[in-house]
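First the structure, in the form of structure tokens, and then the observations on it.
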There are 2 protein chains.
Amino acid sequence: MSTTYEYPRPALTVDCVVIGRDESTLKLLLIRRKLDPFKGSWALPGGFVRVGESTDNAAKRELKEEAGLANVFLEQLYTFSSPDRDPREHVVSVAYYALVNLAGRELHASTDAEEAAWFELTKLPKLAFDHKDIVRVARERVRAKVRYEPIGFELLPDKFTLTSMQRLYETVLETPLDKRNFRKKLAEMDFVVATNEIETGVTHRPAQLYRFDEKKYQALQKRGFNFDL
Amino acid sequence: MSTTYEYPRPALTVDCVVIGRDESTLKLLLIRRKLDPFKGSWALPGGFVRVGESTDNAAKRELKEEAGLANVFLEQLYTFSSPDRDPREHVVSVAYYALVNLAGRELHASTDAEEAAWFELTKLPKLAFDHKDIVRVARERVRAKVRYEPIGFELLPDKFTLTSMQRLYETVLETPLDKRNFRKKLAEMDFVVATNEIETGVTHRPAQLYRFDEKKYQALQKRGFNFDL
DNA sequence: ACAAAAGTGTTTTCCATACACCCATGC
DNA sequence: GCATGGGTGTATGGAAAACACTTTTGT
């Protein structure tokens with residue numbers, strides 16, 4: 001099987017920057033390459049875009065195939081197109097970033113038995129291709145976006161304590177936040193609602209658990225409300 | 001001449017949303033298509049990405065070829081990849097947006113003699129492909145970005161009056177602004193500097209001309225300053 | 001009783017907003 | 001002298017920031 005075109009075309013791939021939160025550290029999902037180029041190196045999950053498939057769907061498919069991940073927050077990041085980013089030939093890659101809550105989530109065995117692992121975002125190994133650049137852009141994007149869109153909740157479990165949320169924001173923004181001011185702002189956001197449950201398994205006073213009410217948020221959103229933290 | 005690949009590939013194009021300012025209206029550069037599909041329709045300037053060429057360079061090349069534009073602000077917008085966005089086959093397009101100051105700039109004849117014209121952004125004709133969507137995304141991007149990055153200056157001449165700048169912001173943001181507050185903020189921005197020239201050819205008191213000092217801006221930028229209007 | 005984190009209000013500072021009149025120029 | 005836009009300052013309100021102690025629970 002092969003296909004012929006009148007003019008040569010760059011190859012088209014997707015690459016996914018999958019960011020997970022575990023306790024108060026952020027992690028990145030990497031796949032060890034089993035083929036050249038960069039055989040044995042760690043790389044972002046991704047692969048070729050098929051004809052007839054949107055890049056969004058290609059990214060979803062690759063996440064499912066390579067990491068067993070589905071139904072995660074996934075958004076287009078940027079398209080990387082330098083002709084020498086792949087030593088074989090000109091490969092244009094549409095990069096995506098995904099946010100997942102790691103707590104309690106097992107890293108599924110990849111269907112094609114590739115080796116996958118989570119690395120601390122601050123301690124990454126050398127990466128294949130220009131994946132280091134892609135990760136940098138993703139981190140910048142998340143850092144900027146977490147302040148004006150409620151994407152932080154994607155990294156938290158359904159029910160979370162306000163302190164864990166604060167830790168997350170401190171990690172992403174790389175700055176300490178004031179507890180009372182942080183909670184004051186959240187208290188004004190009617191879509192962050194207290195459940196009637198409390199934290200368990202801690203050796204001190206257990207905290208109230210909260211959840212993000214997506215529907216209430218959407219409703220406010222339509223009335224012109226803007227998330228801001 | 002033709003090229004054969006083991007697997008089929010989507011075609012890859014770039015499309016450019018070129019926004020220009022003329023007086024206090026925003027305009028969009030469109031090209032009339034002389035080939036099917038959508039022969040005779042208005043469409044964004046753009047074309048196929050060549051192997052060995054980054055999409056940035058492809059966008060620059062198309063702007064030069066189709067509209068005689070060079071050295072304009074150009075930034076990647078988003079990648080559109082729906083398999084049915086082009087009726088012929090699966091064509092993935094990396095969209096860019098450009099900002100240009102129209103005053104005094106002649107629309108150069110396109111090298112391949114295509115028909116090009118500027119349309120008011122608020123009165124666009126029917127567009128080919130999904131170009132209407134691309135334009136919408138570009139407008140949203142510009143509207144958001146103009147507030148926290150100094151891209152507004154790209155639409156202004158080198159020397160401009162504060163009133164013309166205010167009109168521009170009012171047009172982009174689609175909201176009236178207070179003259180004194182607007183000027184107060186600009187006065188605090190040391191990179192917006194008064195020249196020793198004044199407006200000419202007006203029938204009333206001529207306004208002071210200002211310019212954007214890119215170098216001063218870059219310097220402040222590095223010291224953690226953030227543009228905000 | 002003590003260790004550990006949860007939870008809670010007030011004061012101060014600063015920035016955003018609202019607002020109206022005199023000035024310089026061309027005709 | 002009049003029409004036209006150019007240019008200027010102050011007062012108010014509200015949000016952001018700074019800040020420390022009491023409460024609850026487990027051991």
Side-chain angles (χ1 to χ4, degrees), chain A residues 23-25 103 144 146-148 152 156-157 159-190 192-211 220 224-229, chain B residues 23-25 103 144 146-148 152 156-157 159-190 192-211 220 224-229:
Chain A
E23 303 294 326
S24 58
T25 60
V146 80
R147 304 195 51 176
Y148 62 91
L156 291 168
K159 293 169 184 171
F160 53 86
T161 68
L162 297 187
T163 298
S164 67
M165 180 168 171
Q166 185 180 339
R167 296 275 169 277
L168 168 64
Y169 272 75
E170 289 174 331
T171 304
V172 173
L173 299 175
E174 296 176 274
T175 182
L177 297 173
D178 180 88
K179 180 159 65 160
R180 280 175 289 188
N181 293 336
F182 185 82
R183 290 159 105 99
K184 203 186 306 173
K185 273 200 199 163
L186 290 180
E188 287 161 8
M189 298 181 183
D190 297 336
V192 178
V193 295
T195 66
N196 50 17
E197 293 173 58
I198 56 172
E199 204 181 9
T200 56
V202 289
T203 174
H204 55 73
R205 174 176 176 182
Q208 183 71 233
L209 291 174
Y210 289 76
R211 65 184 174 81
L220 281 171
F225 167 85
N226 276 318
F227 186 85
D228 180 34
L229 239 171
Chain B
E23 303 293 325
S24 58
T25 60
V146 80
R147 304 195 51 175
Y148 62 88
L156 291 167
K159 293 170 184 170
F160 53 86
T161 68
L162 297 186
T163 299
S164 67
M165 179 168 173
Q166 184 180 338
R167 295 279 169 272
L168 168 63
Y169 272 75
E170 288 175 330
T171 305
V172 172
L173 299 175
E174 295 176 274
T175 181
L177 298 173
D178 180 89
K179 180 161 66 161
R180 279 174 288 191
N181 293 335
F182 185 80
R183 288 166 177 246
K184 204 187 306 173
K185 273 199 198 162
L186 290 181
E188 287 161 11
M189 298 183 183
D190 297 337
V192 178
V193 295
T195 65
N196 50 16
E197 293 172 59
I198 56 171
E199 203 181 7
T200 57
V202 289
T203 175
H204 53 75
R205 174 176 176 181
Q208 183 69 235
L209 290 174
Y210 288 77
R211 65 185 174 81
L220 281 170
F225 167 85
N226 276 318
F227 185 85
D228 182 32
L229 239 174

To the nearest angstrom, how far is [X] atom [atom1] from [N] atom [atom2]?
X        : N      : atom1 : atom2 : result
B:Phe182 : D:dG7  : CZ    : C1'   : 14 Å
A:Arg183 : D:dA17 : CZ    : P     : 18 Å
A:Ile198 : D:dT24 : CD1   : C1'   : 10 Å
A:Arg180 : D:dA17 : CZ    : C1'   : 11 Å
B:Gln208 : D:dG6  : CD    : P     : 12 Å
A:Asn181 : D:dA15 : CG    : C1'   : 10 Å

Q) Starting at the 5' end of DNA chain C and moving along, which residue's nearest nucleotide shows up first, B:Asp228 or B:Thr203? A) B:Asp228
Q: Kindly indicate whether the side chain of B:Arg205 and the base of D:dT4 share any N or O donor-acceptor pair separated by less than 3.5 Å?
A: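 Result: no qualifying N/O pair found.
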Q) Taking atom CG of B:Leu162 and atom CZ of B:Arg167, what is their separation to the nearest 0.5 Å? A)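 One finds 11.5 Å between CG of B:Leu162 and CZ of B:Arg167.
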Q.
Within this structure, what is the OH-CG distance for the pair A:Tyr169 and A:Leu229, rounded to the nearest 0.5 Å?
A.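 Here the interatomic distance stands at 5.0 Å.
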Q: Give B:Glu199 one of three labels, base, sugar-phosphate or nothing, depending on what nucleic acid heavy atoms sit under 4.0 Å from its own.
A: nothing
Q: Select base, sugar-phosphate, or nothing to describe what B:Thr163 touches, counting heavy atoms under 4.0 Å on all strands.
A: sugar-phosphate
Q. Can you pull the contact range of chain B along DNA chain C, 5' to 3', using atoms under 4.0 angstrom from its heavy atoms?
A. C:dT17 to C:dC27
Q. Does a side-chain N-to-carboxylate-O contact under 4.0 Å join B:Lys185 and B:Glu188?
A.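 Judged by the 4.0 Å cut-off on N to carboxylate O distance, B:Lys185 and B:Glu188 do not form a salt bridge.
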(Q) Main chain of A:Pro206, side chain of A:Glu199: is a donor-acceptor contact present, judged purely on distance under 3.5 Å? (A) no
Q: Please check if atom CD in A:Glu23 has more than 12 non-hydrogen atoms from other residues, nucleotides or ligands closer than 6.0 Å.
A: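 No, not enclosed.
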Q: Identify which nucleotide among D:dT8, D:dT25, D:dA18 has an atom closest to any side-chain atom of A:Lys184, counting heavy atoms from C-beta outward.
A: D:dA18
Q.
Looking only at side-chain N and O atoms, does B:Arg183 offer a donor or acceptor that is under 3.5 Å from a partner on B:Thr163?
A. yes
